[in-house]
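A, B, ... follow the sequence lines: proteins, then strands. Residue 1 opens every chain.
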2 protein chains.
Amino acid sequence: MDESLDPELFKALADPTRAALVACIAKCGRGCSVGEVAECCAVDLSVVSRHLALLARAGVLESEREGRTVRYRVRYREVTTALRALADAFDQCCPDGGCGGASC
Amino acid sequence: MDESLDPELFKALADPTRAALVACIAKCGRGCSVGEVAECCAVDLSVVSRHLALLARAGVLESEREGRTVRYRVRYREVTTALRALADAFDQCCPDGGCGGASC
DNA sequence: TGCATATTTGCATTATGACGCAAATACGCA
DNA sequence: TGCGTATTTGCGTCATAATGCAAATATGCA
């Protein structure tokens, strides 16, 4: 539970602007350049750059340089694994999902 | 995706103190009073009270008054459903998990 | 090299949120 | 009602982080 409940992942997704950026890249389904991602929200390009770097540090995105551009991609497997692990950890605290287990 | 990627839920879990409180209540497996929860971390009781109220507003916890005490419980079903829905939404953006789908 | 494009970084400003203390409120009980 | 316990709320302070602008850096190309 404590390991699955990593505040860093949630901090990364807690900001509305960052959430929009992640959704933008995820829906795009491919690697997106900083400039492309910046078009989907109203903040300055430099702000987008900082948000993407933060999301990469948090493990939500990964980046790769292609010439002058940097492409950011969603780390699907890592993110979904972390989310499901947390869901499983909650389930283990209340196995039957209705809080009618031995400890309830 | 956009609905599943609700910043409110993540904001609630993004703070280390709040994460500890949620873990405390979850591991406890039953409803806990504010005072009980406050024993598991170093912050003031009033801070705990505020955090629990915030978590309840975010849908992570639910509260019920029992006489003088207020018991907070984890909304297991809602939380796990939200987490898995988000994981599923990510999967739909990249079905095979290796980013080799139609859009990749 | 010199220039154009893409991204990052430095810096100041502003907004948000966590925290503790004290006071207020809610409730049960005598 | 009056008292004690549990919780919430008001308020000031402090830390963190979001933002925009300008400057710096990185890269490709003529």
Side-chain angles (χ1 to χ4, degrees), chain A residues 2 5-26 28 30-75, chain B residues 2 5-26 28 30-75:
Chain A
D2 301 273
L5 206 43
D6 172 31
E8 290 311 311
L9 170 63
F10 297 112
K11 266 192 220 170
L13 298 175
D15 180 74
T17 302
R18 276 196 297 273
L21 298 179
V22 171
C24 171
I25 299 178
C28 190
R30 56 176 176 79
C32 298
S33 72
V34 179
E36 280 175 337
V37 182
E39 291 173 13
C40 78
C41 67
V43 298
D44 192 82
L45 179 66
S46 68
V47 173
V48 172
S49 173
R50 261 187 268 259
H51 278 315
L52 295 180
L54 186 154
L55 286 162
R57 281 195 299 274
V60 177
L61 303 179
E62 61 189 347
S63 66
E64 186 185 9
R65 192 150 204 136
E66 284 182 15
R68 273 175 300 191
T69 76
V70 176
R71 309 205 86 87
Y72 281 91
R73 278 183 305 281
V74 176
R75 302 183 91 170
Chain B
D2 301 272
L5 204 43
D6 172 30
E8 290 311 311
L9 170 63
F10 297 111
K11 265 191 221 171
L13 299 176
D15 180 73
T17 302
R18 275 196 297 274
L21 298 178
V22 171
C24 170
I25 299 177
C28 189
R30 55 175 177 80
C32 298
S33 72
V34 179
E36 280 174 337
V37 183
E39 292 174 12
C40 80
C41 66
V43 298
D44 192 81
L45 180 66
S46 68
V47 173
V48 172
S49 173
R50 260 186 269 259
H51 278 316
L52 296 179
L54 186 153
L55 286 161
R57 281 196 301 275
V60 177
L61 303 178
E62 62 188 349
S63 66
E64 186 185 10
R65 192 148 205 139
E66 283 182 16
R68 274 173 298 189
T69 76
V70 175
R71 309 205 86 86
Y72 281 90
R73 277 182 307 281
V74 175
R75 302 184 89 172

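Here A/Leu13 contributes atom CG and A/Leu21 contributes atom CG; the two are 11.0 Å apart, rounded to the nearest 0.5 Å. Note that CD1 of A/Ile25 and CG of A/Leu55 are 7.5 Å apart. Values are rounded to the nearest 0.5 Å. Here the CZ atom belonging to B/Arg73 is positioned 11.5 Å from the SG atom belonging to B/Cys28, to the nearest 0.5 angstrom. A/Glu64 contributes atom CD, which lies 9.5 Å from atom OG1 of A/Thr69 (distance to the nearest 0.5 angstrom).
Comparing B/Ser49 and A/Arg65 along DNA chain D, the residue whose closest nucleotide (by nearest heavy atom) sits nearer the 5' end is B/Ser49.
Of the residues in residues 10-23 of chain B, not one places a heavy atom less than 4.0 Å from an atom of DNA chain D. For the segment residues 32-48 of chain A, the set of residues with a heavy atom within less than 4.0 Å of an atom of DNA chain D comprises A/Val43, A/Asp44, A/Ser46, A/Val47, in numerical order.
Residue A/Leu54 contributes atom CG, which lies 11 Å from atom P of D/dT19 at whole-angstrom precision. Atom CZ of A/Arg68 is separated from atom C1' of C/dT7 by 12 Å (rounded to the nearest Å). For B/Glu66 and C/dG28, the CD to C1' distance is 14 Å, given to the nearest whole Å. Atoms CZ (A/Arg57) and P (C/dT8) sit 11 Å apart, rounded to a whole Å.
Close to D/dT19, at under 4.0 Å from its OP1 or OP2, lies a side-chain N or O of A/His51. One finds no side-chain N or O of A/Tyr72 lying less than 4.0 angstrom from the OP1 or OP2 phosphate oxygen of C/dA6.
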Dump the intermediate steps for side-chain contact (heavy atoms from CB on, under 4.5 Å) on B/Leu52 and B/Val70, then the final yes or no. CA-CA 10 Å; B/Leu52 296 179; B/Val70 175; over 6 Å; no
For B/Leu9 and A/Phe10, run side-chain contact (heavy atoms from CB on, under 4.5 Å): C-alpha distance rounded to whole Å, both residues' side-chain angles, the deciding distance at 0.1 Å, then the answer. CA-CA 9 Å; B/Leu9 170 63; A/Phe10 297 112; over 6 Å; no
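Between A/Tyr72 and A/Cys32 the shortest side-chain heavy-atom distance does not fall below 4.5 Å.
The only member of B/Arg30, B/Glu62, B/Arg65 that meets side chain to side chain contact (heavy atoms under 4.5 Å, CB included) when paired with B/Arg71 is B/Arg30.
Among the protein residues, A/Thr69 comes within range of the sugar-phosphate backbone only, with heavy atoms under 4.0 Å from sugar or phosphate atoms but none that close to a base. Nucleic acid contact for A/Arg50: base, since at least one base atom lies under 4.0 Å from a heavy atom of the residue.
Judged by distance alone, the side chain of A/Arg18 and the main-chain N or O of A/Ala12 form a donor-acceptor pair under 3.5 Å.
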